[in-house]
Protein chains: 2
Amino acid sequence: MADADKTRQALLEAAYEEIYRNGFQAASLNTILERTGVTKGALYHHFSSKQKLGYAVIDEIISQKLDREWLTPIQQPGHPIDVMIGVIQLAGQQITGQQIDQGCPLNNLAQEMSPIDPGFRQRIDHLYRKWQESIEKILRDGQQAGTVKPSINPADAALFILASLEGCMGIAKNAQSIDELKRCAQGLFGYLESLRC
Amino acid sequence: MADADKTRQALLEAAYEEIYRNGFQAASLNTILERTGVTKGALYHHFSSKQKLGYAVIDEIISQKLDREWLTPIQQPGHPIDVMIGVIQLAGQQITGQQIDQGCPLNNLAQEMSPIDPGFRQRIDHLYRKWQESIEKILRDGQQAGTVKPSINPADAALFILASLEGCMGIAKNAQSIDELKRCAQGLFGYLESLRC
DNA sequence: GTGTACATACCAACCAGTATGTATGTCCTC
DNA sequence: GAGGACATACATACTGGTTGGTATGTACAC
């Protein structure tokens, strides 16, 4: 049974890579099978369709990535604005040239799949909502602690911060330029500073 | 020869629709042919490959759309911040539910194609650059006229405005919600106001 | 008679998905 | 504890459909 779990996990990780590289629709099951050494029978034993495999990649791989890289670090103590800038800058430092070119895995799937598959759309929406709420929460906490302007609406600001973040990554992805990402992030930092009390 | 031009134009417009709906890779040439009533021989007479057809859609259809909906309106006289907010609000009013769901045609192609096809990437980059420069120009003019803060860097601010705009549309696309687009745009307007002198 | 603007028929490659077979483990019965 | 019954976890081979692309033919204009 441990072997079956390992097979399933290998499929999920290879599927994530293949989808990240080519998008979901252009992702080839045969390529995933070649990369893992798993056979088609095994794949369809674990996932009843390509669609279900894609759903599982969001629910298990991408969801974990979001947790690890955003939701958890954002909860550290400190001034909300400083914490957010710190988390964004850390992510920016760790990013590779390849990752810049390939963009945000969640946003890639959102732009490709949300108009054509409600199952994808809902799953992505769920993750975006968690992401947004994590920002909203620390803004609200900051308002109570007197470190964030009380005049702003935390939910609306969180939405805009999330959108700008994805926008910056999208622009930098097309420009294939870490420098452009950092220039763009400076604009976001300027906005974040304007929320400071 | 007028007939040939009409055939070519019909192909470009149908290709634009098909690509807008499904993305470039999933766009079907056969569907484009069905919609236009043109035959495959005619298509390959005008475009030597699917790739070249895609390039032409960017260079001719999407480029014109950008001109008509952004570059031209943004040049109207007035306070730069007011002009930009006006143009964005007008676009927001004219948008349909279907357009919300399908997002920005240029950003869709950027996210899908930039990592896997340099020809697409360069063409999209060219349009993004024009877009950004149009914003940069009115900010710079505003600085000279004393209506925009002299402390900001117009090029960096323009980059962030463009990124936020695309980010807002991307988030609203996945949420399939005009309301979310407007809430997100409010955040952008807040940032724009902070540039005012 | 030569180039333009198509039309028709076809092709190999690839796609997701399936039908069938099998090795292995587990559980229950006697 | 031997043995049949059943489920799990695959492996192999195949299918029908679709894809972008091409080879060949033709009508017409200059």
Side-chain angles (χ1 to χ4, degrees), chain A residues 1-58 60 109 112-113 116-120 123, chain B residues 1-61 108-109 112-113 115-120 123:
Chain A
M1 298 307 148
D3 282 358
D5 274 359
K6 268 177 66 178
T7 302
R8 194 188 127 93
Q9 198 61 25
L11 285 169
L12 281 175
E13 281 162 22
Y16 166 76
E17 288 294 333
E18 172 72 3
I19 292 170
Y20 188 29
R21 249 187 276 275
N22 301 101
F24 176 77
Q25 295 178 96
S28 160
L29 296 184
N30 287 332
T31 302
I32 295 170
L33 298 177
E34 277 172 32
R35 297 263 165 84
T36 51
V38 170
T39 62
K40 193 157 272 193
L43 191 157
Y44 275 90
H45 172 73
H46 286 285
F47 305 98
S48 61
S49 66
K50 185 188 182 187
Q51 187 189 45
K52 293 286 173 61
L53 174 61
Y55 289 177
V57 165
I58 299 177
E60 302 178 39
L109 278 174
E112 179 189 4
M113 298 306 293
I116 57 181
D117 187 308
F120 272 94
R123 283 168 171 81
Chain B
M1 298 305 147
D3 281 357
D5 273 358
K6 267 177 67 178
T7 301
R8 195 187 126 92
Q9 198 61 25
L11 284 170
L12 281 175
E13 281 162 22
Y16 166 76
E17 287 294 334
E18 173 71 4
I19 292 170
Y20 188 29
R21 249 186 277 273
N22 301 100
F24 176 77
Q25 296 178 96
S28 160
L29 296 183
N30 287 332
T31 302
I32 295 169
L33 297 177
E34 276 171 32
R35 296 264 166 82
T36 51
V38 171
T39 62
K40 193 159 272 195
L43 191 159
Y44 275 87
H45 172 74
H46 286 284
F47 304 97
S48 60
S49 67
K50 186 189 181 186
Q51 187 188 47
K52 294 286 173 61
L53 174 61
Y55 289 176
V57 165
I58 299 177
D59 293 340
E60 302 177 40
I61 304 290
N108 291 355
L109 278 174
E112 179 188 5
M113 299 306 294
I116 56 180
D117 188 309
F120 271 94
R123 284 169 171 80

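Below, chains carry the letters A, B, ... as their sequence lines are ordered, and counting in each starts from 1. Treat the numbers as computed from the prediction; the structure is a model and nothing was measured.
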Strictly under 4.0 angstrom, non-hydrogen atoms only: write out the protein contact profile of nucleotides 6-11 of chain C, one letter per nucleotide from the 5' end, B, S or -. BBB---
Between Phe24(A) (CZ) and dC15(C) (P), how many Å, whole number? 13 Å
Grab the OH-C1' distance between Tyr44(A) and dA13(D) for me, whole Å please. 15 Å
What does the inter-axis angle of the helix from dG1(C)-dC30(D) to dC30(C)-dG1(D) come out as, five pairs per end, nearest 10 degrees? 10°
According to a strict under-4.0 Å criterion, is Ser28(A) in side-chain N/O contact with OP1 or OP2 of dC14(C)? no
Separation of Glu34(B) atom CD from dT19(D) atom C1', in whole Å? 13 Å
Between P of dC14(C) and CD of Gln25(B), the distance in whole Å: 15 Å
Using a 4.0 Å heavy-atom cut-off across all strands, classify Ala27(A) as base, sugar-phosphate, or nothing. sugar-phosphate
Here the distance between atom P of dA5(C) and atom CG of Leu11(B), to the nearest Å, is 13 Å
Between CD1 of Ile32(B) and C1' of dT18(D) the distance, given in whole Å, is 15 Å
ring-ring contact (aromatic ring centres under 6.0 Å, His included): pairs with one or both residues in residues 13-42 of chain A, sequence neighbours excluded: Tyr16(A)-Tyr20(A), Phe24(A)-Phe120(A)
Whole Å only: how far is the CD atom of Glu18(A) from the P atom of dA16(C)? 9 Å
Phosphate-side-chain proximity, Asn30(A) and dC14(C), N/O vs OP1/OP2 below 4.0 Å: no
Separation of atom CG in Leu29(A) from atom P in dC15(C), rounded to whole Å: 8 Å
